[in-house]
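Okay, so here's the structure we're looking at.
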Amino acid sequence: SYLSMCAIFFLYPHLERWHPAAGNRRNITVRMWSAMALSLSCQIFTAPLVYATFGTLPLHFLLANLIALPLTELLINLAVPALLLPGGSLPCRLLCRACDCLASSLEESMRIVATM
């Protein structure tokens, strides 16, 4: 985690600026590039340690992160209000059902990427 934090602090800002429309957070390609730049930064910094420990490197980390990051963001944004609402209320039950669906989708998508 220290290596990942160093990557986010030192390398990520430079990679993020490579996109021609950097700074325009409404542009979907900027958001996708930002996610890939974050993933690449962390991967570059942690790769030597991962390889030394496991003898291999993940091949599909970009694809996995492009799928997992938005699903995780949605899951967190729905889970927090679900935790704050009264347990038996309709909004809480609906949010919990949506969280369950998102978590299942995240798990299944990562299972598919892992089999590649």
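Index from 1, following the sequence. Side chains are part of it too, since the values below use all heavy atoms of this structure and drop only hydrogens, waters and symmetry mates.
Across every non-hydrogen atom of Cys96 and Ala82, the tightest pair is SG-CB, 4.2 Å. Between Leu71 and Leu102, the shortest heavy-atom distance links the atoms CD2-CD2, 3.8 Å. Closest non-hydrogen pair, Ile44 versus Pro48, comes out as O-CD, 3.6 Å. Residues Ala47 and Leu57 approach most closely at O-CD2, 3.5 Å, considering heavy atoms. Taking both residues in full, the closest heavy atoms of Ser109 and Ile67 are given as OG-CG2, 3.4 Å, listed atom of the first, atom of the second, then distance. The two residues Met110 and Ala64 make their nearest non-hydrogen contact at CE-O, 3.4 Å.
Residues Leu106 and Leu63 fall within the same hydrophobic cluster, defined by Ile, Leu, Val, Met, Phe, Trp and Tyr side chains chained together at heavy-atom separations under 4.5 Å. No single ILVMFWY cluster, assembled from side-chain heavy atoms under 4.5 Å apart, contains both Leu75 and Leu38.
At distances below 3.5 Å, not a single donor-acceptor pair connects side-chain atoms of Ser34 with backbone N or O atoms of Val30.
Every pair passing side-chain hydrogen bond (donor to acceptor under 3.5 Å, both in side chains) that includes a residue from residues 39-63 is listed here, sequence neighbours excluded: Ser39-Asn65.
Every residue was checked against the salt bridge (charged side-chain N to carboxylate O under 4.0 Å, His left out) condition with Glu73, not counting sequence neighbours, and none meets it. For Ser89, there are no side-chain hydrogen bond (donor to acceptor under 3.5 Å, both in side chains) partners two or more places apart in sequence or in a different chain.
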For side chain to side chain contact (heavy atoms under 4.5 Å, CB included), just list the numbers for Tyr12 and Leu40, CA-CA rounded to whole Å, side-chain angles, deciding distance to a tenth of an Å, and then say yes or no. CA-CA 8 Å; Tyr12 170 67; Leu40 280 170; over 6 Å; no
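One finds the CD1 atom of Ile8 at 10.5 Å from the CZ atom of Phe45 (value rounded to the nearest 0.5 Å). Here CG of Leu85 is found 10.5 Å from CG of Leu90. Values are rounded to the nearest 0.5 Å. Atom-to-atom distance recorded for Met36:CE and Thr29:OG1 is 9.0 Å, nearest 0.5 angstrom.
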